[in-house]
J.: 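Input: one structure, supplied below.
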Amino acid sequence: MGRGKIEIKRIENVNNRVVTFSKRRNGLVKKAKEITVLCDAKVALIVFASNGKMTDYCCPSMDLGAMLDQYQKLSGKKLWDAKHENLSNEIDKIKKENDSLQLELRHLKGEDIQSLNLKNLMAVEHAVEHGLDKVRDHQMEYLMTKRRNEKMMVEENRQLSFQLQQQEMEIASNARGMMMRDHDAQFGYRVQPIQPNLQEKIMSLVID
């Protein structure tokens, strides 16, 4: 007996719906691969399940972005808004500028200069010489700054050494004074003031 036709309407039973989706999705992907190989066709397929899960296929000869661009050109339908187009153009512009800078850098390093004409070679030579002058100027500035810093460090070290020497002399002097006071106190040495009557006697003897 042949299999009966299935009525094309939403399958209410969840389990049956999931099984049917899985089988038919796999069948679609298989057919897309077959028509790509058999007919040398460019095929892209995107399927979204009811739960949001995506399945996609794109033929090996073209990526999905290029496929969508071609679809947009041939169908006349706008897939991207103006904002995205401007962003894409800006990205392309930045890429071109980056490629140009990379090429210029290689030229300055002496690479890939075979295709340059005389005018371009002279421009590269001028740029290299200008860069060398800048490097030499910066090098001299660095050396002069280093020498100034060394002189300042030497002078600062001299001043610190002098201050340290003065402090050591002051400490030594204070220590000697303390030792002499301790010595006098230990042996009872003390200068007695001259009493008034004794001072008068000494003065009378001097006068006589």
Side-chain angles (χ1 to χ4, degrees), residues 1-139 142:
M1 294 179 60
R3 186 174 56 182
K5 291 185 178 180
I6 299 177
E7 185 180 358
I8 303 302
K9 68 176 184 177
R10 184 176 185 271
I11 301 174
E12 298 298 333
N13 185 279
V14 176
N15 292 331
N16 292 341
R17 188 164 65 243
V18 171
V19 172
T20 302
F21 171 80
S22 178
K23 289 181 178 180
R24 300 218 171 189
R25 177 199 59 192
N26 295 338
L28 281 174
V29 174
K30 181 180 179 182
K31 291 295 183 181
K33 292 180 179 179
E34 288 177 353
I35 194 174
T36 298
V37 176
L38 294 174
C39 304
D40 193 23
K42 295 180 176 61
V43 180
L45 174 67
I46 302 175
V47 180
F48 293 98
S50 58
N51 60 3
K53 186 176 180 180
M54 183 185 75
T55 301
D56 65 314
Y57 165 77
C58 187
C59 60
S61 61
M62 181 179 290
D63 60 62
L64 185 58
M67 187 82 73
L68 293 174
D69 286 338
Q70 186 172 359
Y71 170 80
Q72 181 176 243
K73 291 177 181 178
L74 296 177
S75 66
K77 296 180 180 179
K78 288 287 186 179
L79 297 179
W80 328 113
D81 56 20
K83 181 179 178 181
H84 288 91
E85 286 185 357
N86 293 334
L87 180 60
S88 178
N89 294 334
E90 187 66 22
I91 292 174
D92 292 338
K93 180 181 177 182
I94 293 174
K95 286 181 178 179
K96 290 179 181 179
E97 291 178 353
N98 181 66
D99 293 340
S100 178
L101 290 174
Q102 291 292 335
L103 181 60
E104 184 177 353
L105 180 60
R106 289 197 298 272
H107 290 164
L108 292 175
K109 293 167 63 177
E111 301 174 357
D112 300 335
I113 59 175
Q114 291 79 8
S115 59
L116 298 179
N117 56 30
L118 180 60
K119 182 179 179 180
N120 292 333
L121 288 172
M122 292 177 65
V124 171
E125 182 183 13
H126 176 73
V128 171
E129 290 179 350
H130 182 71
L132 285 174
D133 292 338
K134 290 290 186 180
V135 171
R136 293 191 185 101
D137 292 342
H138 183 68
Q139 184 180 15
Y142 174 81

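Predicted, not measured: the structure shown is a model, and the values here were computed from it.
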J.: I need the full list of salt bridge (charged side-chain N to carboxylate O under 4.0 Å, His left out) pairs touching residues 126-138, with sequence neighbours left out, sorted by first then second residue.
T.: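 Every salt bridge (charged side-chain N to carboxylate O under 4.0 Å, His left out) pair that includes a residue of residues 126-138, provided the two are not neighbours, is Asp133-Arg136.
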J.: Any side-chain heavy atom of Thr55 within less than 4.5 Å of one from Val29?
T.: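 In contact.
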J.: Test side chain to side chain contact (heavy atoms under 4.5 Å, CB included) on Ile113 and Val124; report intermediate values, then the result.
T.: CA-CA 9 Å; Ile113 59 175; Val124 171; 5.5 Å; no
J.: Under the side-chain contact (heavy atoms from CB on, under 4.5 Å) test, which residues partner Asn13, sequence neighbours left out?
T.: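 Applying side-chain contact (heavy atoms from CB on, under 4.5 Å) to Asn13 gives Asn15, Asn16.
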J.: Where is the tightest heavy-atom contact between Gln72 and Lys77, given as atom of each residue plus distance?
T.: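 The answer is CG-O, 2.9 Å.
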J.: Rounded to the nearest 0.5 Å, how far does CD of Gln102 lie from NZ of Lys95?
T.: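 Rounded to the nearest 0.5 Å, the NZ-CD separation comes to 14.0 Å.
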J.: For atom CE of Met122, is the number of surrounding heavy atoms from other residues, nucleotides or ligands below 6.0 Å larger than 12?
T.: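 Result for CE/Met122: open.
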J.: Is the closest side-chain heavy-atom distance between Ile94 and Glu90 below 4.5 Å?
T.: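 Counting from C-beta outward, Ile94 and Glu90 do come under 4.5 Å.
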J.: Step by step, would you call Val19 with Lys23 a side chain to side chain contact (heavy atoms under 4.5 Å, CB included)?
T.: CA-CA 6 Å; Val19 172; Lys23 289 181 178 180; 3.8 Å; yes
J.: If I compare all heavy atoms of Ala41 with all of Cys59, which pair ends up nearest, and what's the gap?
T.: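 For Ala41 and Cys59, the tightest heavy-atom pair comes out as O-CB, 4.3 Å.
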J.: Give a yes or no on whether the backbone of Ile11 and the side-chain of Arg17 come within a donor-acceptor separation of less than 3.5 Å.
T.: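 Looks like yes, one N/O pair under 3.5 Å.
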J.: I'd like to know whether CD1 of Ile35 has more than 12 heavy-atom contacts from other residues, nucleotides or ligands below 6.0 angstrom.
T.: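 For Ile35, atom CD1 is not crowded (no more than 12 foreign heavy atoms under 6.0 Å).
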J.: Roughly how far apart are Ser75 OG and Gln70 CD, rounded to 0.5 Å?
T.: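 Atom-to-atom, Ser75:OG and Gln70:CD are 10.5 Å apart.
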J.: What's the shortest heavy-atom distance between Leu64 and Ala44, and which atoms?
T.: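 What the structure gives for the nearest pair is CD1-CB, 3.9 Å.
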J.: Can you run down the side chain to side chain donor-acceptor pair (under 3.5 Å) pairs that involve residues 33-46, sequence neighbours left out, and say none if there aren't any?
T.: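 Counting only pairs at least two positions apart or across chains, the side chain to side chain donor-acceptor pair (under 3.5 Å) contacts touching residues 33-46 are Thr36-Tyr57.
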J.: For Cys58 and Asp63, work out which heavy atoms get closest and say how close.
T.: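 It is SG-C, 3.7 Å.
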J.: Calculate, to the nearest 0.5 Å, the distance between atoms CD and CG belonging to Glu97 and Asp92 respectively.
T.: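 One finds 11.5 Å between CD of Glu97 and CG of Asp92.
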